[in-house]
Asker: 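First the structure, then my questions, so here it is.
The figures here come from the full heavy-atom set of this structure, side chains too, leaving out hydrogens, waters and symmetry mates. In this text the structure is predicted, and so the values were computed from the model without any measurement.
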Amino acid sequence: MSFHLLTKARKRTVFSYLLSRAFSHESQRPSRPSFGIAFDIDGVLLLGNSPVGGSPGALRKLYSADGGLKIPYVFLTNGGGFPEAKRAFELSQLLGVNVSPSQVLQGHSPFKQLVKRFENDLVVAVGKGEPAAVMTEYGFKCVLSMDEYASCFENIDPLAPYKKWTTKLAAIQNSKFNESFPRNDVFSKRVQAAFVVSDPVDWSRDIQVLCDILKTGGLPGRNVGPQPHIYFANDDLEYQTKFPSERLGMGAFRIALESVFNRIHPHCLEYTCFGKPHPSVFKNAEIVLQKLVASLYEDFYNRNHDNTSSFKTLYMIGDNPAVDIKGARQTGHPWFSILTRTGVFKGKDNHDKFSADLVVDTVEEAVDYILAKECAS
């Protein structure tokens with residue numbers, strides 16, 4: 001290739017450059033990746049909003065020099081509260097790499113599967129962040145956040161007068177609510193399902209209002225009725241933040257709600273939990289990784305073969321033995337579990353009950369191990 005042509009090639013997009021190389025140097029075309037990686041986020045890549053364990057550098061090793069994705073990977077987290085596109089943008093900014101929304105698998109992502117069932121029903125979304133926006137983006141047409149829903153019922157939260165920030169927030173959100181949803185419908189239309197999208201902020205109010213919804217058949221203040229459905233995005237008892245010891249997660253909230261409900265209602269709470277360590281989450285991640293590889297080969301090499309799995313190994317890198325490691329081990333082949341010491345797990349040796357295939361100090365060490373093992377660079 002002449003100097004003139006090489007200069008032009010450098011100015012082309014990644015697509016056209018690699019496509020021209022594939023056409024003229026067929027024998028040099030890299031083989032289809034036989035492995036993929038799933039990263040937990042909190043405690044592995046980030047503590048709060050701060051990168052940890054050399055995560056930006058570790059992720060950059062999965063890209064080629066020109067910025068193209070070289071190694072297929074996804075973020076597999078039980079966290080959430082924001083739409084996948086917004087979370088992808090945030091991760092891109094914090095970690096310094098280009099993250100696609102399709103690479104972000106959050107605890108509440110499986111809620112998409114329930115759209116057909118509750119598409120036109122009144123549902124309540126609970127949790128920090130933008131739970132109603134998440135559900136609306138998934139296709140639910142009649143969804144209210146817990147802030148919006150609770151603000152419609154005077155005196156439903158007896159502690160509201162002492163929560164100045166909550167009162168102000170509810171007032172702001174309630175003004176938007178008046179424009180988008182008829183208030184009378186809240187008092188006459190039963191809540192068919194509650195979705196705990198992310199960690200609740202106001203436990204006392206949310207437990208109170210959820211008990212009202214669940215024990216009355218979806219009409220707070222009325223007589224006892226059939227329990228509406230309630231879904232939890234995950235069942236994590238603890239997770240790691242910047243604070244030295246673990247913080248209580250959605251699983252703790254579920255236990256609290258269940259304990260109260262079972263004391264005030266003749267029947268035990270019925271609920272469904274998603275998220276890791278359920279094997280379905282890991283199987284879905286494998287499907288997403290397959291699609292990611294197929295899209296890369298279709299775009300870059302025009303070689304879109306069938307979508308059958310070609311992965312010899314899928315690596316789960318996590319910090320929580322009871323969630324990340326347990327899930328990968330329960331799912332089995334082709335999952336290989338790697339436990340880091342930057343989050344929930346801080347032990348010197350492997351975890352006694354949920355032992356990982358490999359224990360490392362940081363995510364960067366994990367990525368280096370994977371690339372050396374797979375002979376990828």
Side-chain angles (χ1 to χ4, degrees), residues 76-84 87 104-150 186 189-203 205-220 225-237 239 248-262 265 267-285 323 327:
L76 188 59
T77 175
N78 275 352
F82 296 96
E84 281 74 11
R87 187 64 169 139
V104 180
L105 306 179
Q106 303 185 92
H108 48 70
S109 296
F111 288 171
K112 299 174 187 177
Q113 303 167 10
L114 298 167
V115 171
K116 291 183 178 179
R117 184 174 182 181
F118 299 107
E119 182 176 6
N120 298 305
D121 294 329
L122 175 60
V123 300
V124 173
V126 184
K128 66 183 181 183
E130 303 171 359
V134 168
M135 301 298 287
T136 299
E137 183 165 299
Y138 289 169
F140 294 86
K141 296 179 180 177
C142 191
V143 55
L144 295 177
S145 71
M146 176 59 83
D147 289 329
E148 293 170 326
Y149 187 79
V186 174
K189 197 170 185 178
R190 293 182 182 275
V191 174
Q192 297 298 322
F195 292 86
V196 186
V197 177
S198 50
D199 293 323
V201 176
D202 188 347
W203 281 35
R205 182 204 61 185
D206 293 356
I207 289 175
Q208 175 69 76
V209 177
L210 284 173
C211 282
D212 289 329
I213 291 172
L214 297 170
K215 73 180 183 179
T216 62
L219 287 173
Q227 183 205 306
H229 303 275
I230 183 166
Y231 300 92
F232 294 87
N234 70 71
D235 203 34
D236 285 0
L237 182 63
Y239 68 104
L248 297 177
M250 192 182 298
F253 176 81
R254 192 267 305 164
I255 292 171
L257 173 64
E258 184 179 14
S259 298
V260 173
F261 183 84
N262 291 353
H265 195 267
H267 302 292
C268 292
L269 180 69
E270 296 181 1
Y271 60 88
T272 302
C273 292
F274 291 88
K276 298 174 292 186
H278 295 294
S280 61
V281 174
F282 290 84
K283 292 175 182 177
N284 179 63
V323 176

Asker: Just checking F195 against F140, ring centres under 6.0 Å apart?
Answerer: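 Ring-ring flag for F195/F140: true, centres closer than 6.0 Å.
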
Asker: To check you understand the geometry: which heavy-atom pair defines the closest contact between P228 and A193, and what is its length?
Answerer: CB-N, 4.4 Å

Asker: Is there a donor-acceptor pair under 3.5 Å between the side chain of N234 and the backbone N or O of N78?
Answerer: yes

Asker: Looking only at heavy atoms, what is the nearest atom pair of D235 and G251, with distance?
Answerer: OD1-CA, 3.4 Å

Asker: Are the side chain of E119 and the backbone of K116 linked by a donor-acceptor contact shorter than 3.5 Å?
Answerer: no

Asker: Could you pull out every donor-acceptor pair under 3.5 Å between side chains of residues 120-132 and any protein atom, sequence neighbours left out?
Answerer:
unit_1 : atom_1 : unit_2 : atom_2 : d
E130   : OE2    : K86    : NZ     : 2.5

Asker: Yes or no on side chain to side chain contact (heavy atoms under 4.5 Å, CB included) for V196 and Y271, after CA distance, side-chain angles and deciding distance?
Answerer: CA-CA 11 Å; V196 186; Y271 60 88; over 6 Å; no

Asker: Indicate yes or no for a side-chain donor-acceptor contact from H278 to the backbone of G327 under 3.5 Å, with no hydrogens or angles considered.
Answerer: no

Asker: Parallel, tilted or perpendicular: which fits the ring planes of H267 and H265, with parallel below 30° and perpendicular above 60°?
Answerer: tilted

Asker: Check step by step if side chain to side chain contact (heavy atoms under 4.5 Å, CB included) holds for I207 and F253.
Answerer: CA-CA 8 Å; I207 289 175; F253 176 81; 3.6 Å; yes

Asker: Indicate the atoms forming the closest heavy-atom contact of Q106 with P83, along with that distance.
Answerer: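 That closest heavy-atom pairing would be NE2-C, 4.0 Å.
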
Asker: Run the numbers on F111 and F274 for ring pair (Phe, Tyr, Trp, His ring centres under 6.0 Å), then give the verdict.
Answerer: CA-CA 9 Å; F111 288 171; F274 291 88; 5.6 Å; yes

Asker: Quick one: pull up CZ in F282 and OG in S280 and give me the separation to the nearest 0.5 Å.
Answerer: 9.5 Å

Asker: State, to 0.1 Å, how close L269 and N262 come at their nearest heavy-atom pair, and which atoms those are.
Answerer: N-OD1, 2.8 Å

Asker: Could you tell me if the side chain of L257 sits less than 4.5 Å from the side chain of I230, heavy atoms only?
Answerer: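 Contact flag for I230/L257 side chains = yes.
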
Asker: For the backbone of L210 and the side chain of K215, can you confirm whether one donor and one acceptor N or O come within less than 3.5 Å of each other?
Answerer: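 Looks like no, no N/O pair under 3.5 Å.
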
Asker: Checking S109 side chain against L105 main chain: does a donor-acceptor pair fall under 3.5 Å?
Answerer: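 Not confirmed, S109 side chain does not pair with L105 backbone.
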
Asker: When rounded to the nearest 0.5 angstrom, what distance separates OG in S198 from CZ in F82?
Answerer: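 The OG atom of S198 sits 7.5 Å away from the CZ atom of F82.
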
Asker: Compare all side-chain heavy atoms of V186 with those of V191 and state whether any distance is below 4.5 angstrom.
Answerer: no

Asker: Indicate the atoms forming the closest heavy-atom contact of A150 with R205, along with that distance.
Answerer: CB-CD, 4.0 Å

Asker: Mind checking the CG-CZ spacing from D199 to F232? Nearest 0.5 Å is all I need.
Answerer: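 Taking CG in D199 and CZ in F232, the distance rounds to 11.5 Å.
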
Asker: Measuring from atom CD of E270 to atom CG of L214, what distance do you get when rounded to the nearest 0.5 angstrom?
Answerer: 10.5 Å

Asker: Using the test ring-ring contact (aromatic ring centres under 6.0 Å, His included), find all partners of H229 that sit at least two apart in sequence or belong to another chain.
Answerer: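 Applying ring-ring contact (aromatic ring centres under 6.0 Å, His included) to H229 gives F118.
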
Asker: First locate atom CG of D236, then atom CE of M250, and finally report the distance between them rounded to the nearest 0.5 Å.
Answerer: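 Rounded to the nearest 0.5 Å, the CG-CE separation comes out at 8.0 Å.
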
Asker: Would you say the side chains of Y138 and E84 form a donor-acceptor pair under 3.5 Å?
Answerer: yes

Asker: How close do W203 and G249 get, counting heavy atoms only, and between which atoms?
Answerer: CZ2-O, 4.2 Å

Asker: Would you call L237 and I255 a side-chain contact if the rule is heavy atoms closer than 4.5 Å?
Answerer: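 A side-chain contact under 4.5 Å exists here.
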
Asker: SG/C142 to CE/M135 distance, rounded to the nearest 0.5 angstrom?
Answerer: 11.5 Å

